[in-house]
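See structure below.
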Amino acid sequence: MNYWIWFPGDFEIYHIMKQNFSREERGFDWPAYWYTPSWNHNVKFKRTYHLKEKTTFTVSAKGKGYVAIKRQHPDGSELVNKFPFEEAITCVPGEITVEVIVCHIEGLPSIFVSGETIYSDESWVASNYIEHDQPVGGSTLFIKKEQNPMVFPYTHEIKMPSNIESVNGGLLLDFGYDITATTQITYAEKFEPITLCYGESRIEALDVNDCYLKQVIKTPEDEGLEQIAKNTFVTRLRAFRYIFLPGVKKDSITITADHQFIDFGGVSQFKSSDKRLNQIWEIADRTFRTCSDIFFLDGVKRDKWVWSGDAYQSYFINKYSFFNKEIVERTILGLRGNDPLRQHLNTIIDYSLYWLISIEDYYQTFGDKKFLENIYPKMESLLQYCNAQTDEHGFIYGKTGDWVYIDWAEFDISGPLCAEQMLLARAYQSVMTIRQALGKPIDDLNERLTKLKANIHRFYWDEEKGGFIDSYESGKRNITKHANIFAILFDYVEEEKVAKIKQHVLLNPEINDIHTPYFKFWELEVMAKIGEYSYVIEQIKSYWGGMLDEGATTFWEYYDPTETGVEKYAMYGDKYGKSLCHAWGASPIYLIGRYLMGVQSTAPGYESFEVAPQVALFDELSCTLPVGEEGQVTIELENGQLMVIANVSGGFLRLANQTIPLPKDQRISIDL
């Protein structure tokens, strides 16, 4: 296939920089506050051909440069002919090497080579003059010469407000749920000054003074306003559900939204006899798709940034939603950036560790060794960066400028945090898995892992409290749920300690509750892992259902049912700082798909997979989920009859003590 090509990783770094610099707050721009590595600005592309007949081709490029055709003279010298871009180049039979030199100061050096024999595809290599002959980057999204790899091909949909209300002397427009869109303003007669107050909630949009996003338009020439037709103007891209227009009367103006999104498609469906659970699935799916852009974003209104922790959970949700491989690869590559590494991802230690762990999950999901080979050097350099911050016990600690996050919770961070050590151990395991897949030695990491796990139990386990403490240096022996969740999730404790943690930590009302969907994800996964499926389903219905009761049409960044009034929208010291459409809020998709439906890959790339539905929880059920890039499995339950069918081979149905093969396209029916 013929497509645009670039130096590997540059496309992702270029676009992630644009994304992370797009945040807006109360009239000013707020670029991301971490170190941002640049893409390569000077690249050489190369491909050698053995031509059997004369052929002609042209090179289109983004940037400045030229095309060089190299061939060997009979006397052994090298002949070089140079041509400008867009000129038809004819080559006679024989061996030639085509080199394309491109530089681009502001943008992405990239080329599109058109010809019957000579054309741009994955067989080309690229050099930045330090790293030579790397396999090029490319995407099947950019297969036409007239496309520009610096402009992503979004889908657009013009949306009208679902409701228009006259209130407080103005108009309140409700688009039903959060969308990312430009706002198109059409005046009935002539231009008039106007103010647009955006909001994820009704109360935010109506708060003219304090709404997070607002645009005051005084003249047609105002910055951030573009005239596209007579009396019709377009604002910049923003995310919102509501727009309030103070002082505007009905029929004097028409507002529409040009909704910009990526249509990922997908086969996932879930319906059951539990209407509450069905609604949660539907809203979670909307939330996740809204936060899935060129990359997996955190939320669409406030940050719009690519955070490694949010992205890590998105990789899991993706497997049970639209199962898109390219967005996972773009996010992994964009987050990691280029070497040399100078700072933890997003400045957060645990986010670097999640990135390392994500490579193992990528391999288990897609089974793509070529991607592993390409990303492996950056995996190792990040690992060495983390190892340089470990002490004599093998514990990782924060340096000046590092953020020890884990969750929005009160931890004892007077010394190395236990939850961080759990993640470091899990990262070691992931790197070892990738090394083994690539035939590389693991002895050094195995030694580190053994020492680290032993010291975690030695320094952090508190027998009297029945759980792992946050930190041992202060002597406070403070316990939170987080490290204990990781201990069970990562299989770092035997059954006896699992039981103690469950009793003394997870189900202990004296231990602080978790209020972020981010860590509810892990908390409920652990409860599912130890067989507490009824608890999981009830927590999903009460926690995410609580947001529905608050009127949520997408799921939030943080939810505390004790917060009422305007305070429930506040966060980060900001009256409307809380994101009401946040990627990690979509985790019911994963919890339902992975644990209640029991679908999981058991070999890289879903070469084998299992389906283990918790049928006792449902009276009726109809669910279709992806199993690999091309496969899907359907699970139906009605009148005590279970039916499972998969359109790919390698599946097994597990019920109680039964294991039943799922032959391709063969309906398996079981009377329960």
Side-chain angles (χ1 to χ4, degrees), residues 15-27 29-32 141 150-162 173-185 196-202 204-205 211-215 224-226 228 233-244 255-266 283-307 310-311 314 317-318 321-322 324 327 330-331 334 552-557 576-586:
H15 280 283
I16 207 169
M17 186 181 291
K18 287 175 65 177
Q19 182 65 50
N20 287 340
F21 291 177
S22 68
R23 179 173 175 175
E24 174 191 6
E25 177 178 332
R26 294 188 170 87
D29 292 308
W30 184 350
L141 294 172
M150 292 176 285
V151 179
F152 203 83
Y154 286 99
T155 298
H156 291 263
E157 176 188 19
I158 301 299
K159 293 184 72 71
M160 303 292 293
S162 58
L173 315 179
D174 182 1
F175 288 85
Y177 49 84
D178 273 25
I179 57 173
T180 301
T182 56
T183 308
Q184 186 168 302
I185 308 165
L196 294 89
C197 303
Y198 299 86
E200 288 188 297
S201 64
R202 172 189 172 90
E204 179 188 7
C211 61
Y212 196 87
L213 297 175
K214 178 170 66 175
Q215 185 166 355
L225 191 69
E226 179 186 359
I228 59 171
F233 303 84
V234 175
T235 68
R236 68 185 285 180
L237 192 72
R238 296 183 174 97
F240 56 89
R241 173 181 171 180
Y242 296 92
I243 301 177
F244 179 56
I255 299 284
T256 58
D258 184 355
H259 180 205
Q260 173 182 295
F261 63 100
I262 298 174
D263 185 0
F264 289 101
I283 299 303
D285 184 68
R286 174 188 292 160
T287 302
F288 187 59
R289 290 175 184 272
T290 303
C291 294
S292 300
D293 200 87
I294 303 179
F295 311 96
F296 290 122
L297 309 181
D298 63 334
V300 290
K301 181 194 82 168
R302 192 193 62 237
D303 290 17
K304 301 190 297 179
W305 290 343
V306 189
W307 293 91
D310 305 61
S314 294
I317 300 167
N318 174 62
S321 181
F322 44 75
N324 186 273
I327 188 175
R330 288 195 298 266
T331 305
T553 51
T554 50
F555 286 130
W556 304 355
E557 177 181 16
Y576 301 108
K578 184 180 296 178
S579 166
L580 302 189
C581 181
H582 212 80
W584 67 39

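One-based numbering along the sequence shown. Side chains included, hydrogens not; waters and symmetry mates left out as well; all remaining heavy atoms used. This one's a predicted model, so the numbers in the text were calculated from it and none came from an experiment.
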Between the side chain of [X] and the main-chain N/O of [Y], is any donor-acceptor distance below 3.5 Å?
| X | Y | value |
| --- | --- | --- |
| Gln184 | Ile228 | no |
| Ser162 | Asp174 | yes |
| Thr331 | Phe296 | yes |

Exercise. Could I get the full list of side-chain hydrogen bond (donor to acceptor under 3.5 Å, both in side chains) partners for Asp310, not counting sequence neighbours?
Key: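 Per chain and number, Asp310 pairs via side-chain hydrogen bond (donor to acceptor under 3.5 Å, both in side chains) with His582.
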Exercise. Not counting sequence neighbours, which residues clear side-chain hydrogen bond (donor to acceptor under 3.5 Å, both in side chains) with Tyr576? List them please.
Key: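 So Tyr576 forms a side-chain hydrogen bond (donor to acceptor under 3.5 Å, both in side chains) with Asp207.
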Minimum heavy-atom separation for [X] and [Y], please, with both atom names.
| X | Y | result |
| --- | --- | --- |
| His15 | Val151 | CE1-N, 4.3 Å |
| Phe322 | Gly265 | CB-O, 3.4 Å |
| Ala284 | Ala586 | O-CB, 3.4 Å |

Self-check item: Spatial distance of atom NZ (Lys301) from atom CZ (Arg23) [nearest 0.5 Å]
Solution: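 Going from NZ on Lys301 over to CZ on Arg23, the span is 10.0 Å.
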Salt bridge (Lys or Arg N to Asp or Glu O under 4.0 Å) partners of [X], counting only residues at least two apart:
| X | result |
| --- | --- |
| Arg26 | Asp574 |
| Lys304 | none |
| Asp263 | none |
| Arg236 | Glu24, Asp29 |

Applying ring pair (Phe, Tyr, Trp, His ring centres under 6.0 Å), name anything that partners [X], two or more places apart in sequence or on another chain.
| X | value |
| --- | --- |
| Trp556 | Tyr559 |
| Phe21 | none |
| Phe240 | Phe175, Tyr198 |

Practice problem: List in chain and number order the residues that pass side-chain contact (heavy atoms from CB on, under 4.5 Å) with Asp258, two or more places apart in sequence or in another chain; answer none if no residue qualifies. | Solution: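 Once residues adjacent in sequence are excluded, the partners of Asp258 under the side-chain contact (heavy atoms from CB on, under 4.5 Å) criterion are His156, Ile158, Thr182.
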Practice problem: With sequence neighbours excluded, tell me which residues meet side-chain contact (heavy atoms from CB on, under 4.5 Å) with Cys291. | Solution: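 Only Val300, Cys581, Ala583 meet the side-chain contact (heavy atoms from CB on, under 4.5 Å) criterion with Cys291.
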Exercise. Could you name each residue pair satisfying salt bridge (Lys or Arg N to Asp or Glu O under 4.0 Å) that touches residues 286-299, not counting sequence neighbours?
Key: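 Residue pairs with at least one partner in residues 286-299: Asp285-Arg289.
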Quiz item: Under 4.5 Å between any side-chain heavy atoms of Leu225 and Val234, yes or no?
Solution: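 SC-SC contact between Leu225 and Val234 ruled out.
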